[in-house]
Amino acid sequence: RNNIMPRRPRLGEKITKRTTSEIVGRDTEFEVFKDSLDRTIKLSKQKNVPDEEWVYPHVFLITGLGGMGKTTLLDSFMAYATTKKVVTATIDADQLSIVSAETFMQKLHDKISAQNKEDHKLFTLYRDALTERDDALTSIKEQSVEPKTKFEPLVNTGAKAIGAWTGPAAPVTEEIVKLVVNNGATGIKNIADNLRQIGQISQKQHTLIRDLSTVSENFMNCLANIGEKRVLVIAIDTYEKLDTIHGFDKWFREQLIGDSSSEIIWIIAGRETNKFITRYKETLGEERYLASMSLTKLTKSQIKIYLENKA
């Protein structure tokens, strides 16, 4: 006699069912993402996986005009990822104040590290780099008030000087603006060189001042460490706003996407501007790593199905 009660639907199954019902007309796109995530999870549990096994979409570009359902599709991807118990983080440029690449990294750090203590611990390398650089900036700030004859800083109050030193990977805070205004981009580097020569800052601090991409490298190493334990799915919505930040897109594509580990899946949604998709194809080189999804209007029959599902 069979006394086993019928199994009740799991919460994850309910979420998946609800999500798929809300993406009418986007079934193909959803299946591509689902297959990629499932494959990534499977491969991440194996050892010595051949490189060719990882050649499939890891970057999903969702583009289209306003109201085409970009955010809805992105949300459906993330809802499915949540059911798979992977690390997820969504950065909505329309909701968060992001003015530079570093504020982007900080927001992403906060989103991921808040999920559990272990992930927070794995970001130690990144936080240590920020602390060391900030200490070096403090030393430079102290030296920048000395007479100009000591280090001969160059004074340039223009925005060009700020961009020349900070680049896209620096936090454009009031203190940094003051440093650049008082000393100029070249002046800050000159002070850093002198402080290194007299041993007041370490070689690592000197590198962090002269080459701020080191911060990005530390950040990506931390993401890779997390990816070794759990797959990551990172979504960026309203990307066109980030694209307006000077140098951000190039930095994001080359230093984050280009240096991303195989256990990370990126979802980027935004209105296509300035050859958005073309730039990503050039960065990735291998187009099979990229899934480009250009959304168009739903048909009348699809709209009817959508409204019925909503009801």
Side-chain angles (χ1 to χ4, degrees), residues 19 23 26 28-63 70-71 73-91 93 101 104-105 108-109 111-112 115 119 122 216-217 219-237 239 242-243 248-270 272 275-295:
T19 299
I23 54 170
R26 315 298 186 203
T28 301
E29 290 86 348
F30 182 83
E31 286 301 317
V32 172
F33 172 78
K34 179 179 178 295
D35 290 346
S36 288
L37 178 56
D38 291 348
R39 188 172 179 180
T40 302
I41 294 171
K42 180 180 178 180
L43 292 177
S44 68
K45 297 176 181 178
Q46 302 175 14
K47 294 182 179 180
N48 303 319
V49 179
D51 290 344
E52 57 268 20
E53 290 292 318
W54 294 100
V55 182
Y56 56 88
H58 286 74
V59 180
F60 292 80
L61 295 183
I62 306 174
T63 61
K70 298 184 296 295
T71 298
L73 185 58
L74 180 148
D75 288 344
S76 73
F77 288 176
M78 298 305 282
Y80 179 75
T82 301
T83 69
K84 308 303 287 187
K85 297 182 180 180
V86 300
V87 180
T88 61
T90 300
I91 299 293
F104 175 87
M105 287 190 287
L108 187 53
H109 159 273
K111 292 267 188 178
I112 296 175
Q115 296 183 33
D119 290 343
L122 290 172
S216 304
E217 293 173 7
F219 183 80
M220 291 308 296
N221 286 336
C222 292
L223 285 185
N225 290 337
I226 294 173
E228 289 179 359
K229 299 180 179 299
R230 288 197 296 164
V231 171
L232 285 86
V233 180
I234 301 172
I236 299 97
D237 202 3
Y239 185 81
L242 299 178
D243 199 16
F248 182 91
D249 180 69
K250 180 178 173 63
W251 167 83
F252 182 78
R253 285 183 292 106
E254 295 181 359
Q255 295 194 35
L256 259 63
I257 298 294
D259 197 31
S260 182
S261 65
S262 300
E263 294 85 6
I264 303 177
I265 289 180
W266 299 85
I267 307 166
I268 305 161
E272 184 175 355
K275 298 181 179 180
F276 183 60
I277 295 176
T278 303
R279 285 178 286 166
Y280 274 84
K281 288 182 178 179
E282 293 173 352
T283 298
L284 295 171
E286 172 59 74
E287 288 192 25
R288 287 180 293 174
Y289 288 119
L290 177 68
S292 177
M293 302 173 175
S294 183
L295 305 188

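All values below come from the heavy atoms of this structure, side chains included, with hydrogens, waters and symmetry mates left out.
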Participant: Can you see which heavy atom on Ser216 is nearest to which on Trp251, and at what distance?
Facilitator: OG-NE1, 2.8 Å
Participant: Looking only at heavy atoms, what is the nearest atom pair of Ile264 and Trp266, with distance?
Facilitator: CG2-NE1, 3.4 Å
Participant: Keeping the roles fixed (side chain from Glu29, backbone from Ala291), state whether a donor-acceptor pair exists under 3.5 Å.
Facilitator: no
Participant: Mind running side chain to side chain contact (heavy atoms under 4.5 Å, CB included) on Lys250 and Phe248 for me, showing each step along the way?
Facilitator: CA-CA 6 Å; Lys250 180 178 173 63; Phe248 182 91; over 6 Å; no
Participant: Could you tell me which non-hydrogen atom of Val86 sits nearest to which non-hydrogen atom of Val231, and how far apart they are?
Facilitator: CB-O, 3.2 Å
Participant: Examine distances only and state if a side-chain atom of Ser76 and a backbone atom of Leu73 form a donor-acceptor pair shorter than 3.5 Å.
Facilitator: yes
Participant: Over all heavy atoms of both residues, which pair between Thr40 and Ser262 is shortest? Give the atoms and the distance, please.
Facilitator: CG2-O, 3.8 Å
Participant: Can you list everything that forms a side chain to side chain contact (heavy atoms under 4.5 Å, CB included) with Ala89? Sequence neighbours excluded, please.
Facilitator: Leu108, Lys111, Ile112
Participant: Of all heavy-atom pairs between Ile41 and Lys84, which one has the smallest distance, and what is that distance?
Facilitator: CD1-CB, 3.6 Å
Participant: Using ring-ring contact (aromatic ring centres under 6.0 Å, His included) as the criterion, point out the one residue from Phe252, Tyr239, Phe219 that pairs with Phe104.
Facilitator: Phe252
Participant: Show, in sequence, the C-alpha distance, side-chain angles and deciding distance for Val59 and Tyr289, and conclude whether the side chain to side chain contact (heavy atoms under 4.5 Å, CB included) test is met.
Facilitator: CA-CA 6 Å; Val59 180; Tyr289 288 119; 5.7 Å; no
Participant: Quick one: ring pair (Phe, Tyr, Trp, His ring centres under 6.0 Å) partners of Trp54, sequence neighbours excluded?
Facilitator: none
Participant: Give a yes or no answer on whether the side chain of Thr88 reaches the backbone of Thr82 with a donor-acceptor pair at less than 3.5 Å.
Facilitator: no
Participant: Please assess Asp38 against Lys42 for the test salt bridge (Lys or Arg N to Asp or Glu O under 4.0 Å), listing each intermediate value before the final yes or no.
Facilitator: CA-CA 6 Å; Asp38 291 348; Lys42 180 180 178 180; over 6 Å; no
Participant: How close do Lys70 and Thr63 get, heavy atom to heavy atom, and via which atoms?
Facilitator: CD-C, 3.7 Å
